[in-house]
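All residue numbers in this chain count up from 1 along the given sequence.
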Amino acid sequence: MRQSGPSPSYERVDLTSGLLMFVCGDVIRPDLAWMLTRSHKHLAPVMAEVRDPEGFARLVQLAESGPASARGEATIAATRIAMLLACKGGSTADITVGDCVELVDTLRRVHVRGGQRKVDFYLRLRALGVFPEDAPATIRAFGLAAGRLSIEELVDRYPIQCRPVRDLIVDYLRERQPSLDYTSLDAVSRTLAGLFWTRIEALSPGIDSLRLPPALSRAWKTDIATKKRTTIGPDGTAVEIASPRLNAKDELIRVRAFYLDIAHWAAEEPARWAPWVVPCPISDEEISKAKDRKHRKARMDQRTRERLPVLPVLTDTADRRRRAAAELLAAAEYTRPGDLIPDTAGALRRAVAPKAAGHLIWAEETSTGRRRNLTYEESEAFWAFAAIEVLRLTGIRNEELLELTHHSITEYRLPSTGEVVPLLQVAPSKTDSERLLLVSPELADILSTIIRRLRGRSRAIPLVTSYDVHERVWNPPMPLLFQRDIGTEHRAFTPTALRKLLINALTATGLTDPGGELLVFSPHDLRRIFVTEAITNGLPPHIAQVICGHKSLDTTMGYKAIYPAETIEAHRAFIARRRATRPSEEYRTPTEEEWDAFLAHFEKRKVSIGTCGRAFSSPCVHEHACVRCSLLRPDPAQRGRLEEIRDNLLARVAEAEREGWLGEVEGLKVSLAGAEDKLAQIDRQFQKATIILGMPTTRSGDVE
């Protein structure tokens with residue numbers, strides 16, 4: 001064609017039609033990247049007619065059995081499957097999991113848009129039984145979430161130069177692996193290989209022994225006390241920013257445990273561990289966390305006190321937001337595209353849904369033209385309300401919330417009355433022990449609403465696979481209560497999605513902290529509030545410990561915030577109980593003689609240089625030598641008299657020393673010390689004056 005040019009009857013569509021026949025007839029097999037960068041309107045129909053009529057017919061049946069809103073996804077999935085047949089050959093039954101993974105990787109590489117539609121074809125092939133039974137439930141298991149690393153891979157993330165030390169850390173982690181979950185094992189490897197030995201080698205190149213010189217040990221501790229990160233400054237140059245490492249003592253504890261464990265194991269296996277036994281460079285005092293625990297307790301209590309009073313505002317706002325979003329979505333469903341949505345005062349107009357999201361309901365703001373996904377808004381508002389209610393009514397952890405299933409709701413029949421009591425079974429998580437919680441009427445209403453929503457028109461809750469971000473494993477399919485639809489796939493909520501729900505719900509409330517910033521709630525804040533409210537309202541702490549799943553009662557009491565009003569009321573109740581148990585004679589009405597003696601005592605407390613502070617009916621232990629008495633409160637107005645007494649005592653001491661009256665010198669010096677002490681007390685009282693500091697200012701370079 002380049003030599004002679006196109007013939008008069010040539011049309012470009014002839015070339016594409018012929019190429020389509022070659023591809024569907026398996027004469028040529030194009031590259032996946034090339035196929036994904038071009039449109040293929042006729043590829044799936046022709047492939048169904050020429051290559052695999054039976055396989056594509058099953059795909060059509062599967063699409064017809066699903067919701068009508070998913071017909072667009074079914075067409076795209078058929079095109080993706082036809083691409084695999086064009087590039088790999090064979091029929092639908094010959095497609096492997098590896099072919100699907102390659103297609104998804106190529107999709108990411110060539111930046112083809114599509115979102116969930118990128119992986120929907122895998123779900124349909126799996127539903128047809130094309131893959132073996134052990135195939136993952138979702139293709140996101142391949143590369144979309146990092147899996148577990150071996151111990152060697154955990155350590156080799158850091159450039160350790162000394163091979164023997166590297167092998168020692170690997171052996172140490174392998175010994176501790178049975179008693180640690182994956183997250184803890186990962187944290188210990190980061191500390192020992194990254195923060196400890198890699199930095200030791202940077203400070204002392206060529207070191208090959210765990211015995212650290214004192215200077216090196218101090219330099220390393222100073223180094224890890226701060227966190228350093230590099231950012232780009234205004235002039236485009238790299239700037240290093242240092243900030244205190246809040247968990248520095250935790251890192252020191254792991255390194256100290258490393259040294260002490262090796263020393264302990266050396267007694268049992270000396271050939272293996274004894275060569276590495278050296279003194280630990282970290283002392284007990286350096287890892288003491290008593291003060292840190294008190295500060296953390298104070299911070300958490302203050303955080304709870306700030307959030308507990310506004311919790312009703314958060315729950316009420318979340319409920320109103322959920323109801324408003326549901327009513328708006330229902331009104332939009334019965335509104336034709338282009339018409340104003342009823343009950344919105346003309347502010348919203350039903351919009352035509354994008355081609356890629358035809359099953360969703362969209363609206364357009366008449367004033368700004370901004371488009372809103374009403375389906376997403378309703379879903380987001382409902383799940384935010386459900387998460388807040390379940391967390392505050394149960395006090396469970398966020399990972400326990402995300403692991404709740406339909407099977408978690410069980411019942412217990414009381415043997416005495418036969419009454420059926422609903423219970424919520426919390427699966428083992430942090431403490432590896434399950435527990436049962438009583439379901440209150442409010443919680444039962446929330447759980448039933450969630451179940452009705454998930455069931456929809458079917459009678460079963462969809463089975464979904466979830467990814468455990470802590471253990472780095474995929475859980476088997478389960479009827480999780482917290483799941484949502486993304487395209488045609490049912491997905492479990494993630495911790496990140498849960499935090500986003502809370503942030504959006506709090507934004508709607510407009511609540512702010514004392515600094516004027518948006519108030520932040522974390523799932524664990526609701527757990528602390530649950531413990532505080534339960535114990536404050538009379539629940540015994542040991543029962544709260546069982547409900548929360550704590551191993552120690554101290555942990556439960558650490559969650560409970562103490563209010564000043566509680567302290568006052570508790571003290572008043574203690575006084576009332578003490579008075580009830582002590583003899584009533586102690587609380588009788590005094591006689592006139594006793595009252596006159598009591599008043600006379602206070603009249604006699606006034607002396608020339610101040611006021612005596614001795615207790616009622618107690619004698620003077622200094623025989624009225626007031627200058628020597630520690631109970632005397634000197635009067636600042638009598639400072640001149642005290643100075644005269646001091647000067648007189650100085651003169652008398654000098655006279656006694658000159659005359660050799662040594663027995664009197666000792667007594668005079670005691671009185672002189674008392675007089676000087678009283679003068680010092682008066683001076684300290686004058687120093688307690690108010691100082692005006694003015695308004696504080698901040699420098700532009702300060703970082704909060």
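Contact of the Val165 side chain with the Trp276 side chain is registered, since non-hydrogen atoms from C-beta on lie closer than 4.5 Å. In this structure, Pro495 and Glu399 have side chains that are not in contact, with every pair of non-hydrogen atoms separated by 4.5 Å or more. Inter-residue side-chain proximity for Cys100 and Leu125 is flagged as met; some heavy-atom pair is nearer than 4.5 Å. The side-chain heavy atoms of Phe121 and Leu103, taken from C-beta on, include a pair separated by under 4.5 Å.
Side chains of Asp186 and Thr183: no donor on one and acceptor on the other come within 3.5 Å. Under 3.5 Å, the side chains of Ser522 and Asp525 contain a donor-acceptor pair of N or O atoms. Under 3.5 Å, the side chains of Arg491 and Thr138 contain no donor-acceptor pair of N or O atoms.
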Practice item. Apply side-chain contact (heavy atoms from CB on, under 4.5 Å) to Leu168 and Phe258, showing your working. Key: CA-CA 10 Å; Leu168 173 66; Phe258 174 61; 3.9 Å; yes
Check your understanding: Which is it for Arg174 and Glu152 under the salt bridge (Lys or Arg N to Asp or Glu O under 4.0 Å) test, yes or no, and what are the steps along the way?
Key -> CA-CA 9 Å; Arg174 186 168 287 110; Glu152 290 79 4; 2.3 Å; yes
Practice item. Report the C-alpha separation of Arg254 and Asp250 in whole Å, then their side-chain angles, then the decisive distance to 0.1 Å, and conclude whether the salt bridge (Lys or Arg N to Asp or Glu O under 4.0 Å) test is met. Key: CA-CA 6 Å; Arg254 295 192 184 106; Asp250 294 330; 5.9 Å; no
Point to revise | side-chain contact (heavy atoms from CB on, under 4.5 Å) between Ile409 and Val439, worked out | key: CA-CA 9 Å; Ile409 304 173; Val439 176; 5.6 Å; no
Review point. Should Ile207 and Glu201 be marked as a side-chain contact (heavy atoms from CB on, under 4.5 Å) after you check the CA-CA gap, both sets of side-chain angles, and the distance that decides it?
Key: CA-CA 6 Å; Ile207 187 171; Glu201 290 185 336; 4.2 Å; yes
Exercise for review: Apply the test side-chain contact (heavy atoms from CB on, under 4.5 Å) to residues Met478 and Leu463: give CA-CA distance (whole Å), side-chain angles for both, the deciding distance (0.1 Å), then the verdict.
Suggested key: CA-CA 5 Å; Met478 293 182 293; Leu463 301 179; 5.6 Å; no
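Partners of Glu286 under the salt bridge (Lys or Arg N to Asp or Glu O under 4.0 Å) rule, at least two apart in sequence or in another chain, are Lys221. The salt bridge (Lys or Arg N to Asp or Glu O under 4.0 Å) search around Glu285 returns none, not counting sequence neighbours. Residues passing the side-chain contact (heavy atoms from CB on, under 4.5 Å) test with Asp485, sequence neighbours excluded: His490. Applying the salt bridge (Lys or Arg N to Asp or Glu O under 4.0 Å) criterion to Arg199, with sequence neighbours excluded, gives Asp223.
Looking at Thr222, its side chain does come within 3.5 Å of a backbone N or O of Arg218 through a donor-acceptor pair. Not a single donor-acceptor pair under 3.5 Å links the side chain of Gln425 to the backbone N or O of Arg435. Looking only at distances, no side-chain donor or acceptor of Ser379 sits under 3.5 Å from a matching main-chain atom of Tyr376. Proximity of a side-chain donor or acceptor of Gln545 to a complementary backbone N or O of His550 within less than 3.5 Å is detected. Of the possible donor and acceptor atoms, none in the side chain of Arg245 sits under 3.5 Å from a partner among the backbone N and O of Ala225. The main-chain N or O of Leu210 is found under 3.5 Å from a side-chain atom of Tyr259 such that the two form a donor-acceptor pair. Side-chain atoms of Thr198 come within 3.5 Å of backbone atoms of Ala193 as a donor-acceptor pair (strictly under, hydrogens ignored). Using a distance-only test at 3.5 Å, with no hydrogens or angles considered, no donor-acceptor pair links the side chain of Thr555 to the main chain of Lys551. Using modelled atom types, no side-chain atom of Glu251 and backbone atom of Leu195 make a donor-acceptor pair closer than 3.5 Å.
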Using residues 497-505 as the side-chain source, report each donor-acceptor pair under 3.5 Å to any protein atom, sequence neighbours left out, with the distance given to one decimal.
from	atom 1	to	atom 2	distance (Å)
Arg499	NH2	Thr496	OG1	3.3
Asn504	ND2	Glu380	OE2	2.9
Asn504	ND2	Lys500	O	3.4

N/O donor to acceptor pairs below 3.5 angstrom from side-chain atoms of residues 261-274, sequence neighbours left out:
from	atom 1	to	atom 2	distance (Å)
Asp261	OD2	Tyr172	OH	2.8
Arg272	NH1	Glu175	OE2	2.8
Arg272	NH2	Glu175	OE2	3.3

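Using a 4.0 Å cut-off between charged side-chain N and carboxylate O, Arg303 and Glu306 make no salt bridge. Between Lys297 and Asp301, at least one side-chain nitrogen of the basic residue sits less than 4.0 Å from a carboxylate oxygen of the acidic one, meeting the salt-bridge criterion. Of the charged side-chain nitrogens involved, at least one lies within less than 4.0 Å of a carboxylate oxygen, so that Arg166 and Asp156 count as a salt-bridged pair.
Taking the six-membered ring for Trp and thresholds of 30 and 60 degrees, Trp383 and Phe482 have ring planes inclined between 30 and 60 degrees apart. Between Tyr467 and Trp474, the two ring planes are tilted [angle within 30° to 60°].
Counted within 6.0 Å of CD on Glu411, heavy atoms from surrounding residues, nucleotides or ligands total 12 or fewer; the atom is thus considered open.
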